[in-house]
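Down below is the structure, laid out as structure tokens.
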Amino acid sequence: MTLSIRLDPELEAELARAAAQTGRSKSELVKASLREYLARVVPRKTPYELGKDLFGDPSAAAATLDLTSKDRVRSTIVERLRAENDR
């Protein structure tokens, strides 16, 4: 994609000096500067947002954990009752 921008003379001179000093083209410097600026200003997605569709429904997971916990407690109680009855 081609993009044309207008620079004031001072900024254009600074860009030309930076390009000469670094051995990079003015276009490369502008692209790199724009990438750095956008990385700071435009928030990127969080790791959670990136994988959100892979994690499943958190409310369903909570329900499953509750059932698992309840089942563990129930089985512990049943085991203790059986142990007392076997005495």
Side-chain angles (χ1 to χ4, degrees):
M1 176 181 150
T2 301
L3 173 70
S4 297
I5 60 170
R6 294 184 184 173
L7 303 175
D8 59 65
E10 294 85 22
L11 187 56
E12 185 177 6
E14 286 183 54
L15 180 60
R17 271 193 302 277
Q21 287 177 353
T22 61
R24 297 171 70 185
S25 70
K26 291 187 277 186
S27 182
E28 285 179 288
L29 291 177
V30 169
K31 286 186 228 177
S33 298
L34 186 55
R35 279 189 195 99
E36 287 179 33
Y37 174 80
L38 291 174
R40 284 193 320 262
V41 173
V42 179
R44 297 200 182 253
K45 290 186 175 182
T46 65
Y48 175 78
E49 290 170 331
L50 291 172
K52 187 176 178 179
D53 59 326
L54 303 173
F55 301 142
D57 182 12
S59 61
T64 303
L65 288 176
D66 283 348
L67 289 175
T68 304
S69 299
K70 288 177 184 176
D71 288 341
R72 284 188 198 146
V73 170
R74 185 177 292 120
S75 65
T76 302
I77 292 171
V78 168
E79 287 174 23
R80 287 184 184 173
L81 289 173
R82 284 184 185 154
E84 286 178 14
N85 288 337
D86 289 344
R87 289 186 200 169

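Given the structure is predicted, the values throughout are model-derived calculations rather than measurements.
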Check: Any idea which heavy atoms bring Arg44 and Glu49 closest together, and the distance?
Finding: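 It is O-OE1, 4.3 Å.
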Note to self: Run the side chain to side chain contact (heavy atoms under 4.5 Å, CB included) test against Arg17 and tell me which residues pass, sequence neighbours left out.
What the structure shows: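 Result, side chain to side chain contact (heavy atoms under 4.5 Å, CB included) vs Arg17: Ala13, Glu14.
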Please output the side-chain donor-acceptor pairs of residues 21-36 that fall under 3.5 Å, not counting sequence neighbours, one pair per line with the distance.
{"unit_1": "Thr22", "atom_1": "OG1", "unit_2": "Ala18", "atom_2": "O", "d": "2.8"}
{"unit_1": "Thr22", "atom_1": "OG1", "unit_2": "Arg24", "atom_2": "N", "d": "3.4"}
{"unit_1": "Ser25", "atom_1": "OG", "unit_2": "Glu28", "atom_2": "N", "d": "3.0"}
{"unit_1": "Ser25", "atom_1": "OG", "unit_2": "Glu28", "atom_2": "OE1", "d": "3.4"}
{"unit_1": "Glu28", "atom_1": "OE1", "unit_2": "Ser25", "atom_2": "N", "d": "2.9"}
{"unit_1": "Ser33", "atom_1": "OG", "unit_2": "Leu29", "atom_2": "O", "d": "2.8"}

Check: With a 4.5 Å limit on heavy-atom distance, are the side chains of Arg82 and Asn85 in contact?
Finding: no
Which hydrophobic side chains are connected to Ile77, either touching it within the sub-4.5 Å cutoff or through other members that do?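 In the cluster with Ile77 are Val73, Leu81.
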Is there a path of hydrophobic side-chain contacts, each under 4.5 Å between heavy atoms of I, L, V, M, F, W or Y residues, that connects Leu38 with Leu3?
-> no
